[in-house]
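Have a look at the structure below, then the notes.
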Amino acid sequence: MADHILNRLEELIFEAEQKTKPLELDPYRSQLFELFVMAEGAGYTKEGSDPDLSADGLCRLLGARWGLAAAAREAMVQQSKMPQEQLAKMRLLWSVMRMWMEWGYAWERWPEFHGHTTGQPKASDN
């Protein structure tokens with residue numbers, strides 16, 4: 001299932017890139033969120049999970065697939081800019097990571113604000 005999620009993420013990212021559409025808008029946002037829910041439900045977004053489909057894990061896995069770490073190292077060694085294609089992929093990856101982190105944070109805090117921890121909604125501390 002983790003491979004399916006990662007492959008589908010990559011497909012959506014490439015499709016948005018090809019169509020020059022932002023990932024933050026539908027239909028991509030909702031499809032990415034569905035993949036997040038699947039990864040969360042399977043326990044892949046937790047720290048130390050195997051496979052690691054947390055935001056950091058996605059960065060490592062997709063970055064490795066796309067050769068981003070090697071491109072960044074090469075640019076540093078040669079003291080040059082990263083190739084535009086690699087830079088564009090990095091921006092897309094950052095976009096996905098940002099959404100993934102935001103969803104993870106909201107998902108984690110949901111019970112706190114919906115009365116599931118004490119049976120009552122959280123009251124103001126004032």
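Please read all numbers here as calculations on a predicted model, not as lab measurements.
- Side chains of D26 and F33 form no contact here, defined as non-hydrogen atoms less than 4.5 Å apart.
- Of all heavy-atom pairs between L62 and E10, the closest is CD2-CB, 4.2 Å.
- Annotation: side chain of P22 is not in contact with side chain of Y28 (no heavy-atom distance under 4.5 Å).
- Side-chain contact between D52 and L61 is absent, with no heavy-atom pair separated by less than 4.5 Å.
- Between the side chain of S54 and the main chain of T45, no donor-acceptor pair closer than 3.5 Å is present.
- Listed for the W100 side chain is no donor-acceptor partner under 3.5 Å among the backbone atoms of S95.
- Under 4.0 Å is where a charged nitrogen must lie from a carboxylate oxygen, and between K46 and E40 at least one such pair does.
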Full working for side chain to side chain contact (heavy atoms under 4.5 Å, CB included) between E102 and W107:
CA-CA 8 Å; E102 289 170 357; W107 202 268; over 6 Å; no
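- Between Y105 and W110, the distance separating the two ring centers is not shorter than 6.0 angstrom.
- Put simply, the side chain of Y44 does not reach to within 4.5 Å of the side chain of M38, judged on heavy atoms.
- Ring orientation note: the planes of F36 and W103 are tilted relative to one another, at an angle of 30° to 60°.
- Contact of the R60 side chain with the D56 side chain is registered, since non-hydrogen atoms from C-beta on lie closer than 4.5 Å.
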